Amino acid sequence: MKKNIIMSILTSFITFVGCKSEKDKFFQENKIIYYGTTEFKKFEKNAPIKLDEAWNIQKDYAKKNNQISENWLFFSINDYYVFNSSLNPKESKTFINGIWVNSKTGEVRQNDSKIMLNYKNAYNGDGEKFPF
């Protein structure tokens with residue numbers, strides 16, 4: 001009986017330690033590059049679609065689909081510029097949802113993920129200053 005209790009506790013502990021959050025899995029499976037970093041500058045330099053062009057692509061996409069265009073870019077994920085407006089300024093976090101523009105092809109996709117990441121700097125193609 002005592003052996004079963006110890007095994008049960010040990011199994012629960014191993015299971016708990018072995019479980020990764022959705023955010024942890026996302027970080028492992030994706031390359032996130034924050035806007036304003038040297039790495040982001042290299043990313044954009046090597047991308048066929050530059051940031052200003054991607055900004056206009058997402059605005060055109062939003063207009064064609066009767067949506068409001070997104071206000072900010074905080075990072076790129078894999079080969080995509082990620083534009084969104086959903087953020088929590090108290091925690092300096094933003095969702096990764098929004099309009100994603102492929103930096104190689106200009107292809108656009110919507111992402112409705114509820115994963116939040118910290119942000120540092122923000123880009124706005126219309127010249128708006130980031131208020132936070």
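Just the heavy atoms: all of them, side chains too, but no hydrogens, waters or symmetry mates, feed the values below. Just so it is clear, the structure is predicted and the values come from calculations on it, not from any experiment. We're numbering straight along the sequence, starting at 1.
Taken from NZ in K59 to CD1 in I57, the straight-line distance is 13.0 Å, to the nearest 0.5 Å. Interatomic distance, K64 NZ to N66 CG, rounded to the nearest 0.5 Å: 12.5 Å. Separating the CD1 atom in I68 from the NZ atom in K63 is a distance of 14.0 Å, to the nearest 0.5 Å. Summarising the geometry, atom OG1 belonging to T38 is positioned 12.0 Å from atom NZ belonging to K45; distances are rounded to the nearest 0.5 Å.
Side-chain contact between Y34 and L117 is present, with at least one heavy-atom pair separated by less than 4.5 Å. Looking at R109 and N111, their side chains come closer than 4.5 Å, going by heavy atoms from C-beta outward. Counting only heavy atoms from C-beta outward, the side chains of I77 and W100 approach each other to under 4.5 Å. Residues S103 and Y80 are not in side-chain contact: their nearest non-hydrogen atoms beyond the backbone lie 4.5 Å or more apart.
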K31 vs E39, test: side-chain contact (heavy atoms from CB on, under 4.5 Å). Steps then yes/no.
CA-CA 11 Å; K31 181 167 178 68; E39 191 176 8; 2.6 Å; yes
Pair F130-F74, ring-ring contact (aromatic ring centres under 6.0 Å, His included): steps then yes or no
CA-CA 11 Å; F130 189 62; F74 300 99; 5.5 Å; yes
Any chance you could lay out the ring-ring contact (aromatic ring centres under 6.0 Å, His included) test for F75 and Y35, step after step, and finish with the verdict?
CA-CA 5 Å; F75 37 73; Y35 175 75; over 10 Å; no
Go through N78 and N30 one step at a time and tell me if the side chain to side chain donor-acceptor pair (under 3.5 Å) criterion holds.
CA-CA 6 Å; N78 299 330; N30 297 281; 2.7 Å; yes
Would I99 and Q110 count as a side-chain contact (heavy atoms from CB on, under 4.5 Å) if you check the C-alpha gap in whole Å, the side-chain angles of each, and the deciding distance to 0.1 Å?
CA-CA 5 Å; I99 299 173; Q110 286 281 155; 3.5 Å; yes
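Remark: the backbone N or O of G36 is not paired with any side-chain donor or acceptor of K41 at under 3.5 angstrom. Of the possible polar contacts, none joining the N65 side chain to the Q67 backbone as a donor-acceptor pair under 3.5 Å is found.
Nearest heavy atom pair, residue W72 against residue K129, reads CH2-O, 3.5 Å.
Using a 3.5 Å distance cut-off with no hydrogens or angles, the side chains of D52 and Y123 do pair a donor with an acceptor. For the residue pair W55 and D126, a side-chain donor N or O sits within less than 3.5 Å of a side-chain acceptor on the partner. In summary, the side chains of N97 and D112 do not present any donor paired with an acceptor at a separation below 3.5 Å, with no hydrogens or angles considered.
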Donor-acceptor contacts under 3.5 Å from residues 81-89 side chains, at least two apart:
residue: Y81; atom: OH; partner: I49; partner atom: O; Å: 2.7
residue: Y81; atom: OH; partner: L51; partner atom: N; Å: 3.4
residue: N84; atom: OD1; partner: T94; partner atom: OG1; Å: 3.0
residue: N84; atom: ND2; partner: T94; partner atom: OG1; Å: 3.4
residue: N84; atom: ND2; partner: F95; partner atom: O; Å: 2.6
residue: S85; atom: OG; partner: E70; partner atom: OE1; Å: 3.0
residue: S85; atom: OG; partner: N71; partner atom: N; Å: 2.9
residue: N88; atom: OD1; partner: K90; partner atom: N; Å: 3.1
residue: N88; atom: OD1; partner: E91; partner atom: N; Å: 3.4

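With a 6.0 Å radius and a threshold of 12 heavy atoms from other residues, nucleotides or ligands, K42 has its NZ atom at or below the threshold.
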